[in-house]
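Working notes, beginning with the structure itself.
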Amino acid sequence: MKIAKFVVVLAALAVYRSRAVIHTLKYFYYRSSGVPNFPEFSGAALLDGAEIVHYDSDTRRAEPRQEWMENLSAGDPQYWERETAKFLGAQQTYNARIEILKPRFNQTGAGVHIFQNMYGCEWDDETDERNGFDQWGYDGEDLMSFNLTEEIWVAAKREAEITTHTWNQDRAEMEYWKNYLTRECVSSLKTYLDYGRSSLMRTELPSVSLLQKEPSSPVTCMATGFYPGGATLSWRRGEEELHEEVEPGEILPNPDGTFQMSAALDLSSVPPEDWSSYKCVFQLSGGQEVPTSLDRKRIRTNWENPSITSITSAIVGVAVLVLVLGAIAGFLVSRQRKGE
C-alpha cells in the first residue's frame with residue numbers, strides 16, 4: 001500500500017473513532033387501514049439511520065437494502081427466509097391489533113387509520129452503555145411506551161390502559177423484553193456493524209444549494225448526499241451562529257442510503273449590501289466543514305430577474321433574426337443560380 005493511501009485510511013479511521021460513538025438499531029412497523037394504493041403493512045430495520053432491511057405486504061418478502069447485507073446469507077442460506085417469517089408473523093399480529101383499537105376509539109365506519117411501532121436499542125462502543133426503547137402510536141399520536149428503567153408499560157392514551165395493565169402483569173414477558181432490548185438487540189447491532197463496517201465508516205460530503213421560492217421568501221440552504229447521518233447545518237454572520245432568524249429542518253434519508261437536511265434563513269430585515277457577511281455551514285459530526293457564502297448569483301429560484309429576462313430575450317431575438325436573414329440569403333442565392 002502506498003504511504004499516501006495508508007495515511008488516508010488512518011485519517012478515515014480516526015474520523016470514524018471520533019464520531020458515531022453511539023450506534024442504533026431500530027425496527028419500524030406500520031399498519032394502515034383505508035389508505036389506497038399503499039401496502040397495508042410494512043416493516044424496516046435501520047442501522048445508524050440507514051435502512052438495511054425492508055418488508056411490505058405487497059412483496060411479502062424481507063429484502064436487503066444495503067449490498068453488504070447480502071453477505072449475511074452467504075454462510076446462512078436460511079437467513080432471509082427466517083427474516084421473512086418474522087415479518088409475516090408481525091403482519092398477522094398488527095392486523096389483529098388495529099382491529100382491536102378501532103372500537104376502543106369508537107371508530108366503527110370506514111376511514112383512514114395508522115398504527116405504528118418503533119423499537120430497538122442504542123449501544124455506546126466506548127463505554128458499552130446500552131439502552132432500549134419501544135414506542136407505539138395510533139393516528140399520529142403517542143399510544144403507549146415501555147419504560148426500560150422502571151420495567152413498566154406506560155399508557156399515553158386512555159384507550160391503551162387496558163393493554164398496559166395486562167402487559168404489566170406478565171412479569172415473564174417483561175423480563176424477556178428487557179433481555180431482548182439490552183442483550184439480543186445489541187448483539188444483532190454488533191453483527192450488522194461488523195458486516196457493514198467498511199460502508200459505515202465511509203465519509204461523503206454533500207452537495208449544497210441555496211434555494212429561494214420568491215424574492216421575499218427565506219433563503220434555504222439544502223445539503224444532500226452526505227454520510228453518515230450525524231451532521232449539523234447552520235447559518236452564520238461572520239463567526240456568529242444565528243438562531244432566531246433560522247428555521248432548521250430534520251435530517252432525512254435519501255433512497256441511496258445518504259442523507260439530506262436544510263436550514264432556512266429569514267433575510268427580510270437584512271439589506272442586500274450585508275448579504276456577503278452571511279454563510280451556510282455544513283459539518284459532519286467531528287468532521288470537515290463545508291461553508292457556502294450567501295451570494296445572489298448562487299441562489300436557485302423559480303422567479304425571474306426582469307433585467308436578466310430582457311437581456312435573454314434580446315439575445316434570442318438577435319439569434320432568430322440572424323437565422324431568418326441567413327435563410328433568405330440562401331434562398332436568393334439558390335434562385336440566382338437557377339437564373340430566376
Using 0.5 Å steps for rounding, measure from the [atom1] atom of [X] to the [atom2] atom of [Y].
{"X": "R298", "Y": "R300", "atom1": "CZ", "atom2": "CZ", "answer": "11.5 Å"}
{"X": "W80", "Y": "K86", "atom1": "CH2", "atom2": "NZ", "answer": "9.5 Å"}
{"X": "Q92", "Y": "R97", "atom1": "CD", "atom2": "CZ", "answer": "12.5 Å"}

Fill in: Charged tip of R296 within 45° of W275 ring normal and under 6.0 Å
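R296 over W275 ring: yes.
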
Is it the case that the side chains of [Y] and [X] hold a donor-acceptor pair, with the cut-off being a distance below 3.5 Å and no angle test?
{"X": "W177", "Y": "D134", "result": "yes"}
{"X": "N254", "Y": "T224", "result": "yes"}
{"X": "Y55", "Y": "Q91", "result": "yes"}
{"X": "S293", "Y": "D295", "result": "no"}
{"X": "R104", "Y": "T163", "result": "yes"}
{"X": "K213", "Y": "T220", "result": "no"}
{"X": "T164", "Y": "N168", "result": "no"}

Residue pair [X] / [Y]: nearest heavy atoms and the distance that separates them:
{"X": "P39", "Y": "D56", "result": "CB-CB, 3.9 Å"}
{"X": "M261", "Y": "I251", "result": "CE-CG1, 3.8 Å"}
{"X": "F282", "Y": "A223", "result": "CD1-CB, 3.9 Å"}
{"X": "G137", "Y": "F115", "result": "O-CD1, 3.4 Å"}
{"X": "S32", "Y": "I98", "result": "C-CD1, 4.3 Å"}
{"X": "C280", "Y": "L233", "result": "SG-CD1, 3.5 Å"}

May I ask you to decide whether [X] forms a salt bridge with [Y], counting only side-chain N to carboxylate O separations under 4.0 Å?
{"X": "E141", "Y": "K157", "answer": "yes"}
{"X": "D76", "Y": "R82", "answer": "yes"}
{"X": "E239", "Y": "K279", "answer": "yes"}

Item to complete: Test K178 against every option in E151, E173, E150 by the salt bridge (Lys or Arg N to Asp or Glu O under 4.0 Å) rule and name the one that passes.
Response: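 Of the listed residues E151, E173, E150, the salt bridge (Lys or Arg N to Asp or Glu O under 4.0 Å) partner of K178 is E151.
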
Discussion item. Is the distance between the ring centroids of Y29 and Y94 under 6.0 Å?
Written reply: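 Ring-ring flag for Y94/Y29: true, centres closer than 6.0 Å.
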
Fill in: Test ring-ring contact (aromatic ring centres under 6.0 Å, His included) applied to Y30 and F38, step by step
CA-CA 11 Å; Y30 169 98; F38 197 81; 5.6 Å; yes

Practice prompt. Please test R237 against E240 for salt bridge (Lys or Arg N to Asp or Glu O under 4.0 Å), starting from the C-alpha separation and ending with a verdict.
Written response: CA-CA 5 Å; R237 181 175 56 235; E240 176 192 1; 3.2 Å; yes

Verify the neighbour count for atom [atom1] of [X]: are there more than 12 heavy atoms of other residues, nucleotides or ligands below 6.0 Å?
{"X": "E129", "atom1": "CD", "result": "no"}
{"X": "E204", "atom1": "CD", "result": "yes"}
{"X": "D142", "atom1": "CG", "result": "no"}

Worksheet item: Is there a side-chain contact between D128 and W123 (heavy atoms, below 4.5 Å)?
Response: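 When only atoms from C-beta onward are counted, W123 and D128 do touch, with a gap below 4.5 Å.
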
Worksheet item: Taking the side chain as C-beta and beyond, is there a heavy-atom pair between L189 and C121 under 4.5 Å?
Response: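 Sidechains of C121 and L189: in contact.
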
Practice prompt. Take D124 and R130, measure what salt bridge (Lys or Arg N to Asp or Glu O under 4.0 Å) needs, and give me the verdict at the end.
Written response: CA-CA 7 Å; D124 190 319; R130 305 165 181 216; over 6 Å; no

Worksheet item: How far apart are the C-alpha atoms of Y195 and W68, what are their side-chain angles, what is the distance that settles it, and do they pass the ring-ring contact (aromatic ring centres under 6.0 Å, His included) test?
Response: CA-CA 6 Å; Y195 274 93; W68 54 266; 7.4 Å; no

Worksheet entry | Audit row: E63, R65, salt bridge (Lys or Arg N to Asp or Glu O under 4.0 Å) steps and yes/no | CA-CA 7 Å; E63 299 174 338; R65 280 294 190 259; 3.8 Å; yes

Worksheet item: Is there a side-chain contact (heavy atoms from CB on, under 4.5 Å) between Q283 and Q288 once you walk through the steps?
Response: CA-CA 6 Å; Q283 183 177 25; Q288 182 178 351; over 6 Å; no

